[in-house]
Amino acid sequence: MPEKEIRDVFVVGLRNAHAMENQALSIMKPQLKRIDNYPEVAAKLDQHIRETEGQINRLEEILDGLNEDKSTLKDLALSFTGSMAALGHTVAGDEILKNAFANFAFEHYEAAAYKSLLAVAEAGGYGAAMTGLQANLAEELAMAEWINDNLAALTKKFLSLREAGETAKV
């Protein structure tokens, strides 16, 4: 594939990842505001929100290094859809579980995006981008692993709180 086409694919992928991370923020921030009885989940979400902000910065640095801008339209569109997805779970009695399932899936989606970007970066010789993309990938995989490791305990806690008449909501 010609170098220009690889560059185009890489830039589009970076812009998509930037929008994806803004979408992630628009999903996680409302969740964090609604968690009362799950401090361990709130702490992890808070940590991952900060990581996600760092991921956005890394993506912007890579784009800047290529003399490219992020896509404001993609950022806005995906942030809106993320907000709507988060809002959709608020009416569910098992909101905490639905959020955990969605977050688990989204973390894997993000990891797949970074694995793909790393392959494009390698094919295009964008070695300077590799460190930031690998850091983003590691954070997404760590969050997915945390959800995986804690999902059974979260579900049991949900059942216990539900029996006591409590919810995840404030």
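Both backbone and side-chain heavy atoms feed into the values below; hydrogens, waters and symmetry mates do not.
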Margin query: For Ala111 versus Leu141, what's the shortest heavy-atom pair and its separation?
Written below: CB-CD2, 3.7 Å
Notebook entry, point to check: What's the spacing between Met130 CE and Ile62 CD1 if we round to 0.5 Å?
Noted result: 10.0 Å
Check: Any sub-3.5 Å donor-acceptor pair from Ser160's side-chain atoms to Lys156's backbone N or O?
Finding: no
Note to self: With heavy-atom distances below 4.5 Å as the criterion, would you say the side chains of His18 and Asp69 are in contact?
What the structure shows: no
Check: Any idea which heavy atoms bring Tyr126 and Glu3 closest together, and the distance?
Finding: OH-O, 4.5 Å
Check: Between Arg7 and Glu68, is there a salt bridge with N-O shorter than 4.0 Å?
Finding: yes
Next item on the list: May I have the step-by-step check of side-chain contact (heavy atoms from CB on, under 4.5 Å) for Ile147 and Phe101, ending in yes or no?
Entry: CA-CA 9 Å; Ile147 296 168; Phe101 305 159; over 6 Å; no
Checklist line | Distance-minimising heavy-atom pair for Ile6 and Gly124 | finding: CG2-CA, 3.5 Å
Notebook entry, point to check: How far apart are the closest heavy atoms of Ala17 and Leu117, and which atoms are they?
Noted result: CB-CD1, 3.8 Å
Note to self: Under a plain distance cut-off of 3.5 Å, with no hydrogens placed, do Gln55 and Glu51 share a side-chain donor-acceptor pair?
What the structure shows: no
Check: What is the distance from atom CG of Leu137 to atom NZ of Lys115, rounded to the nearest 0.5 Å?
Finding: 6.0 Å
Check: Where the side chain of Asn150 meets the backbone of Trp146, is there a donor-acceptor pair that is under 3.5 Å apart?
Finding: yes
Next item on the list: Can you measure from CD (Gln134) to OG1 (Thr131) and round to the nearest 0.5 angstrom?
Entry: 6.0 Å
Margin query: Are Leu151 and Phe104 packed together at the side-chain level, in the sense that at least one heavy-atom pair is separated by less than 4.5 angstrom?
Written below: no
Notebook entry, point to check: Can you tell me how far CG of Asn136 sits from CZ of Arg58, rounded to the nearest 0.5 angstrom?
Noted result: 4.5 Å
Check: What do the steps show when you test Glu140 against His108 for side-chain contact (heavy atoms from CB on, under 4.5 Å), and what is the final call?
Finding: CA-CA 7 Å; Glu140 301 304 357; His108 282 90; over 6 Å; no
Note to self: Under a plain distance cut-off of 3.5 Å, with no hydrogens placed, do His48 and Glu139 share a side-chain donor-acceptor pair?
What the structure shows: no
Next item on the list: Take atom CD of Glu122 as the centre, draw a 6.0 Å sphere, and report whether it contains more than 12 heavy atoms from other residues, nucleotides or ligands.
Entry: no
Checklist line | Residues, nucleotides or ligands: over 12 heavy atoms within 6.0 Å of Glu53 CD | finding: yes
Checklist line | Note, Asp149 side chain near Glu145 side chain (heavy atom, < 4.5 Å) | finding: yes
Next item on the list: Answer yes or no: is there a donor N or O on one side and an acceptor on the other, between the side chain of Lys29 and the main chain of Ala24, under 3.5 Å?
Entry: no
Notebook entry, point to check: Any chance the side chains of Gln31 and Asn103 put a donor and an acceptor closer than 3.5 Å?
Noted result: yes
Next item on the list: Might you work through the side-chain contact (heavy atoms from CB on, under 4.5 Å) test for Thr155 and Leu97, ending with a clear yes or no?
Entry: CA-CA 7 Å; Thr155 302; Leu97 297 180; 3.6 Å; yes
Next item on the list: Report the C-alpha distance between Leu32 and Val41 in whole Å, list the side-chain angles of each, state the deciding distance to 0.1 Å, and finish with yes or no for side-chain contact (heavy atoms from CB on, under 4.5 Å).
Entry: CA-CA 8 Å; Leu32 186 59; Val41 176; over 6 Å; no
Margin query: Do Lys44 and Tyr38 have side chains that approach each other closer than 4.5 Å (heavy atoms only, starting at C-beta)?
Written below: no
Note to self: Between Ile27 and Asn99, is there a side-chain heavy-atom distance shorter than 4.5 Å?
What the structure shows: no
Notebook entry, point to check: Of all heavy-atom pairs between Asn37 and Lys157, which one has the smallest distance, and what is that distance?
Noted result: O-NZ, 3.0 Å
Item checked: Side-chain heavy atoms of Leu161 within contact of Ile96, under 4.5 Å -> no
